[in-house]
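In each ligand, atom 1 is the first atom listed, and ligand 1 is the first ligand listed.
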Amino acid sequence: MIVLKSAADLQQMRAAGRILAEVLAELRGMARPGMILAELDRRAEEMIVQRGARPSFKNYRPEGAPYAFPASICASVNEEIVHGIPGSRKLREGDVLKIDCGVYHNGFHADSAVTVGVGKISPRAQKLIDVTQECLAAAIEQVRPGKRFGDIGAAIQAVAEPAGFSVVRQYTSHGVGRELHEGFSLPNYGEPGVGMLLRPGLTIALEPMINEGVYGTRLKRDGWTVVTKDGKLSAQFEHTVAVTTDAPEILTRLD
Ligand code: MG
Ligand code: MG
């Protein structure tokens, strides 16, 4: 079901988004060589709870999941695309770390992710990160009434593919609001002018996953962690964005 948000709903989502932006800004700074992933998770949960909110991911169990997600962030390193479980792994110089987090506050979720280079990273890894960030910016630019889902997917492909990278098909962007995954999936690839029409009040978690090599994916034995089929790098950025009557509003940005 498609849920359109009222002005009051959006106010709540802004509050959740603000908390999440603060958490991700802090974790970004902590992601240095030697840092343990579980420590990032612990700090995220602490910050969320201190702000009177709840981590959206902890104990989340979508249909088909083997068990509830055990942490407040997803931490996915290098060839891991999404849904990595933060454990005892230590970050190393050159790692490409994706931190994905969700905050539930006053009845609404916000969902956002960043990719961070750990210490000095390769030029190729930096290019992948830069292009993925450009993909998200291009996607957000399409978040306007009258545009369609296909316009968003096509905008992502138009940035990623000429750069020599691929767009993950298996996992998508999605509606977000009273539910973490609410109402619809939105592919990060598509054809302009095709698909559902955007309307003011729609809130979307836009999250292109861009691979260095092929777009195929594989699920690891832990039942959660998704990796690239060819073992090459992957990057992701995500913002929760609202369709307004004109320009897109990013709900998970600090400023
Ligand atoms: Mg997310
Ligand atoms: Mg999401």
> If waters are left out, how many protein N/O/S atoms lie within less than 2.8 Å of the Mg ion (ligand 2)?
Replying inline: 4
> Using a side-chain heavy atom cutoff under 4.5 Å and only I, L, V, M, F, W and Y, what cluster partners does V176 have?
Replying inline: L10, M13, F108, L251
> Regarding R61 and the six-membered ring of F69, is the cationic atom NZ or CZ under 6.0 Å from the ring centre and inside 45° of its axis?
Replying inline: no
> For S56, which residues count as a side-chain contact (heavy atoms from CB on, under 4.5 Å) partner, sequence neighbours excluded?
Replying inline: Y104, H109, L180
> Is the NZ or CZ atom of K127 both under 6.0 Å from the centre of the six-membered ring of F165 and within 45° of that ring's axis?
Replying inline: yes
> Which residues satisfy the side-chain contact (heavy atoms from CB on, under 4.5 Å) test with A75, sequence neighbours excluded?
Replying inline: L37, I73, P86, L97
> Parallel, tilted or perpendicular for H181 and H174, by the 30°/60° rule?
Replying inline: tilted
